[in-house]
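Here is the structure we will look at, set down as structure tokens.
Along the sequence shown, residues carry numbers from 1.
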Amino acid sequence: MKPIIGREVAEEMLQNIYDSLGLDGELIEDEDEGKASTKKIISALMQGRLEYKDEIFKQKLLKPITGKKEITFLEIKEPTGAQLRGMSQVKKKNDDVGKAMSVLGEVTGHGLPMINKLGSRDLMLSVGVISLFL
């Protein structure tokens with residue numbers, strides 16, 4: 001996909017998201033995982049695949065999930081305590097992606113089986129977004 005907004009604008013949008021969520025972007029970007037997530041989020045903002053409003057992210061999927069109904073986007077918001085318990089389904093303590101996927105299933109209301117069907121580019125962007133809340 002071609003960018004529809006410039007990198008500087010997307011970086012400013014991400015800084016506004018950090019401010020809205022009360023996060024220190026410099027601390028996030030100091031970690032290797034944080035840098036990778038930041039790049040994915042900036043790229044998605046530039047391409048118009050990710051929107052943010054009122055503490056809710058709307059992610060347009062590159063590859064829609066088909067089934068009983070077609071899913072073309074995900075709404076990702078801050079998980080509740082009960083939704084965070086979804087991470088307990090993942091037995092390996094160091095499986096951060098699996099834990100994030102489990103929380104995504106809870107937060108989006110689609111469940112882990114649907115999240116498992118996401119393509120890697122859609123999934124890794126979703127994991128980067130949900131990590132802002134964890």
Side-chain angles (χ1 to χ4, degrees):
M1 294 182 79
K2 291 186 178 184
I4 58 172
I5 64 170
R7 177 172 296 282
E8 296 81 18
V9 174
E11 289 171 347
E12 186 176 327
M13 290 170 69
L14 182 57
Q15 186 58 54
N16 289 337
I17 291 168
Y18 288 154
D19 292 344
S20 171
L21 296 174
L23 300 172
D24 185 341
E26 289 181 22
L27 288 177
I28 292 170
E29 295 169 10
D30 281 345
E31 301 173 12
D32 289 339
E33 291 175 10
K35 285 179 187 175
S37 292
T38 298
K39 288 179 182 180
K40 286 177 181 61
I41 291 170
I42 289 172
S43 177
L45 288 168
M46 289 173 61
Q47 296 169 355
R49 290 183 45 226
L50 188 65
E51 299 173 9
Y52 175 81
K53 185 177 177 184
D54 300 326
E55 296 186 3
I56 298 174
F57 290 90
K58 184 174 181 179
Q59 177 185 341
K60 180 180 177 188
L61 299 179
L62 290 170
K63 295 184 179 179
I65 304 298
T66 56
K68 293 179 182 175
K69 64 178 186 173
E70 184 175 77
I71 300 169
T72 58
F73 68 91
L74 298 177
E75 284 193 4
I76 304 170
K77 57 188 173 191
E78 183 174 10
T80 65
Q83 290 169 329
L84 284 175
R85 294 191 64 148
M87 287 193 287
S88 66
Q89 297 175 24
V90 180
K91 302 301 178 200
K92 291 183 181 179
K93 290 184 179 184
N94 61 347
D95 186 1
D96 293 335
V97 172
K99 290 179 181 188
M101 289 172 63
S102 180
V103 172
L104 277 167
E106 296 284 333
V107 168
T108 62
H110 294 299
L112 186 56
M114 192 287 296
I115 297 297
N116 283 330
K117 294 179 183 178
L118 289 173
S120 63
R121 292 176 292 163
D122 285 328
L123 177 63
M124 295 315 293
L125 175 58
S126 298
V127 167
V129 169
I130 198 69
S131 71
L132 295 176
F133 293 113
L134 301 178

Between Ile41 and Leu125, is there a side-chain heavy-atom distance shorter than 4.5 Å?
yes
Please check this pair: side chain of Gln15 against backbone of Gly25, looking for a donor-acceptor N/O pair closer than 3.5 Å.
no
Min side-chain heavy-atom separation Leu84-Leu134 under 4.5 Å
yes
Salt bridge (charged side-chain N to carboxylate O under 4.0 Å, His left out) contacts in which one or both residues fall within residues 63-72, not counting sequence neighbours:
none
Is it true that Leu50 and Leu123 fall in one hydrophobic cluster, defined by side-chain heavy atoms closer than 4.5 Å?
yes
Enter the distance from Asp19:CG to Leu14:CG here, rounded to the nearest 0.5 Å.
9.5 Å
Kindly give the heavy-atom pair with the smallest separation between Ser131 and Ser37, and that separation in Å.
OG-OG, 4.1 Å
Of all heavy-atom pairs between Phe133 and Lys77, which one has the smallest distance, and what is that distance?
CE1-C, 3.7 Å
Distance alone, cut at 3.5 Å: any donor-acceptor contact between the side chains of Glu12 and Asn16?
no
Heavy-atom closest pair, residues Pro79 and Ile130:
CD-CD1, 4.3 Å
To the nearest 0.5 Å, tell me how far Glu51 CD sits from Ile17 CD1.
10.5 Å
Should Leu23 and Val127 be regarded as members of a common hydrophobic cluster, given that ILVMFWY residues are connected when their side-chain heavy atoms come within less than 4.5 Å of each other, either directly or indirectly?
yes
In one Ile/Leu/Val/Met/Phe/Trp/Tyr side-chain cluster, 4.5 Å: Leu21, Val129
yes
Kindly give the heavy-atom pair with the smallest separation between Gly48 and Ile4, and that separation in Å.
CA-CD1, 3.7 Å
In Å and rounded to the nearest 0.5 Å, what is the CD to OG distance from Gln83 to Ser102?
10.5 Å
Where at least one partner belongs to residues 24-56, residue pairs that pass ring-ring contact (aromatic ring centres under 6.0 Å, His included), sequence neighbours excluded
Tyr52-Phe57
Would you say the side chain of Leu118 lies within less than 4.5 Å of the side chain of Leu74, judging by non-hydrogen atoms?
yes
Just verifying a value: how many Å separate Leu112 CG and His110 NE2, rounded to the nearest 0.5 Å?
13.0 Å
Heavy-atom closest pair, residues Ile65 and Lys117
CD1-O, 3.4 Å
So OG of Ser120 and CG of Leu62: to nearest 0.5 Å the spacing works out to 9.5 Å
Rounded to the nearest 0.5 Å, how far does CG of Leu104 lie from CD of Gln59?
8.5 Å
Is Ile71 reachable from Met124 through a run of hydrophobic residues whose side-chain heavy atoms are each under 4.5 Å from the next?
yes
Could you tell me whether the side chain of Ser43 and the main chain of Lys40 form a donor-acceptor pair under 3.5 Å?
no
On a heavy-atom basis, which atom in Leu45 and which in Ala10 lie closest, and how many Å separate them?
CD1-O, 3.7 Å
